[in-house]
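Read through the structure below, which is laid out as structure tokens, and then see the notes.
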Amino acid sequence: MRVAIQGFEGCFHQIAAQGYYGKNIEIECCASFPELVKKAKQQQVADVGVMAIENSIAGSILPNYSLLKNSGLHVIGEVYLHIKQHLMVLPGQKLEDIREVHSHHMALLQCADFLEKYPHMKLVETEDTALSAKHVQQKKLKSTAAIAGKLAAEIYGLEIIAPNIHTIKNNYTRFLVISPNGVTPEPEANKASVYFQTSHERGSLAKVLTQVAQAGINLSKIQSFPMPTKEWNYYFHADFEFENLEHFERGISKIEPLTEHLKVLGIYKKGNTH
């Protein structure tokens with residue numbers, strides 16, 4: 001299985017991909033999310049892509065919803081990852097030796113309370129957590145630590161001298177598994193991602209949401225986006241949770257007549273947390 005991910009070897013995207021498909025996968029590293037989507041569409045490059053879509057603290061990654069909508073790709077699964085940040089160094093280095101800490105700016109923010117205890121450490125922002133770990137190993141950077149996930153420490157032979165230094169312990173990221181080929185939903189499928197448009201009339205969205213509720217479908221996510229070609233008109237991305245496929249199909253049959261356009265991006269099984 002060849003999986004396109006955003007980031008470098010050892011990053012959280014790779015951990016998520018391994019959580020979904022197992023460790024025996026090949027990864028295709030991408031510098032950006034648009035590159036990830038592009039490679040996920042090229043079957044000679046990758047079979048699927050794994051793309052972060054939202055975080056329990058930072059919220060939705062809005063550009064990725066637009067990328068997904070315009071890509072023609074299908075959502076075939078999801079996985080949740082518990083984000084754990086660790087301080088790692090070359091073997092033999094100690095906490096008191098560290099003068100610089102390198103990592104992605106979000107990781108530095110996530111570990112702010114820990115880092116404030118060591119004002120002598122200079123914080124250096126980089127483009128990726130795993131890349132920071134790689135640079136410490138490749139350049140033999142003494143007195144320098146990286147903040148990254150456990151997989152990065154394993155790959156680059158670094159020692160974790162301070163584990164779990166993130167301030168908020170319940171930090172989770174949701175990743176979607178995307179594919180150029182739609183798949184037949186598994187019998188135990190209980191979640192779907194859709195997008196739809198409503199008319200620019202009073203109560204049009206409320207009518208859709210009322211039918212969702214009456215169908216007994218749980219609306220676990222709704223995100224609005226402006227339509228560039230129509231001022232003050234919006235389309236919506238929604239995630240529905242349901243008991244079974246028949247349950248979902250009955251609900252969609254009630255919702256579709258109330259929309260101007262509706263597309264099911266994928267029907268899949270609700271993801272596990274790793």
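Keep in mind the model is a prediction, meaning the values are calculated, not measured. The figures that follow rest on heavy atoms only: side chains count, while hydrogens, waters and symmetry mates do not.
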Ser193/Asp239 under side-chain hydrogen bond (donor to acceptor under 3.5 Å, both in side chains): CA gap, chis, key distance, verdict: CA-CA 5 Å; Ser193 293; Asp239 291 326; 2.7 Å; yes
Using 0.5 Å steps for rounding, measure from the [atom1] atom of [X] to the [atom2] atom of [Y].
| X | Y | atom1 | atom2 | result |
| --- | --- | --- | --- | --- |
| Leu36 | Cys30 | CG | SG | 4.5 Å |
| Thr198 | Phe236 | OG1 | CZ | 4.5 Å |
| Tyr156 | Gln138 | OH | CD | 7.5 Å |
| Ser60 | Ile222 | OG | CD1 | 11.5 Å |
| Tyr118 | Arg99 | OH | CZ | 12.0 Å |
| Ile255 | Arg250 | CD1 | CZ | 12.5 Å |

Find out whether [X] and [Y] are in side-chain contact, i.e. whether some heavy atom of one side chain is under 4.5 Å from a heavy atom of the other.
| X | Y | result |
| --- | --- | --- |
| Phe33 | Pro63 | no |
| Glu125 | Leu108 | yes |
| Ile147 | Ser132 | no |
| Val136 | Met88 | no |
| Ile25 | Gln18 | yes |
| Ile155 | Gln137 | no |
| Lys142 | Asp97 | no |

Would you sort out whether Phe242 and Ile267 count as a side chain to side chain contact (heavy atoms under 4.5 Å, CB included), showing the intermediate values? CA-CA 11 Å; Phe242 44 88; Ile267 304 172; 4.0 Å; yes
For Ile217 and His247: C-alpha separation, side-chain torsions, deciding distance, then whether side chain to side chain contact (heavy atoms under 4.5 Å, CB included) applies. CA-CA 8 Å; Ile217 293 174; His247 183 199; 4.0 Å; yes
Hydrophobic clusters here meaning ILVMFWY residues chained together by side-chain heavy-atom distances under 4.5 Å, can you tell me if [X] and [Y] are in one?
| X | Y | result |
| --- | --- | --- |
| Leu95 | Leu115 | yes |
| Ile27 | Phe12 | yes |
| Tyr80 | Leu176 | no |
| Val50 | Tyr20 | yes |
| Tyr65 | Val264 | no |

[X] versus [Y], closest heavy-atom pair with distance:
| X | Y | answer |
| --- | --- | --- |
| Lys38 | Gln42 | O-CG, 3.3 Å |
| Tyr268 | Arg174 | OH-NH2, 3.1 Å |
| Lys39 | Cys29 | NZ-O, 3.7 Å |
| Gln6 | Ala31 | NE2-O, 3.7 Å |
| Thr129 | Ala148 | O-CB, 3.6 Å |
| Lys254 | Gln211 | CB-OE1, 3.5 Å |

Give the intermediate values and the outcome of side chain to side chain contact (heavy atoms under 4.5 Å, CB included) for residues Ile53 and Glu78. CA-CA 10 Å; Ile53 199 71; Glu78 68 175 2; over 6 Å; no
Got a sec: does the [atom1] of [X] have more than 12 other heavy atoms crowding it under 6.0 Å?
| X | atom1 | answer |
| --- | --- | --- |
| Asn70 | CG | yes |
| Glu188 | CD | yes |
| Lys69 | NZ | yes |
| Lys221 | NZ | yes |
| Lys23 | NZ | no |

With no hydrogens and no angle check, is any side-chain donor or acceptor of Asn218 less than 3.5 Å from a backbone partner on Glu241? no
Side chain of Asn171, backbone of Ile57: donor and acceptor closer than 3.5 Å? no
Residues Lys269 and Glu186 bridged, charged N to O under 4.0 Å: no
Please say which of Lys150, His104, Gln110 ends up in a side chain to side chain donor-acceptor pair (under 3.5 Å) with Gln85. Gln110
Distance-only side-chain donor-acceptor flag, Asn55 / Thr173, under 3.5 Å: yes
Is there a donor-acceptor contact under 3.5 Å linking the side chains of Lys139 and Thr144? no
Passes side chain to side chain contact (heavy atoms under 4.5 Å, CB included), Ile178 versus Ser71? Steps please. CA-CA 10 Å; Ile178 52 179; Ser71 69; over 6 Å; no
Please verify the inter-ring angle class for Tyr195 with Tyr235; under 30° counts as parallel, over 60° as perpendicular, anything in between as tilted. perpendicular
Looking at His166, His82, His274, which one forms a ring pair (Phe, Tyr, Trp, His ring centres under 6.0 Å) with Tyr172? His82
From Leu87, Leu90, Val89, residue fulfilling side chain to side chain contact (heavy atoms under 4.5 Å, CB included) relative to Leu158: Leu90
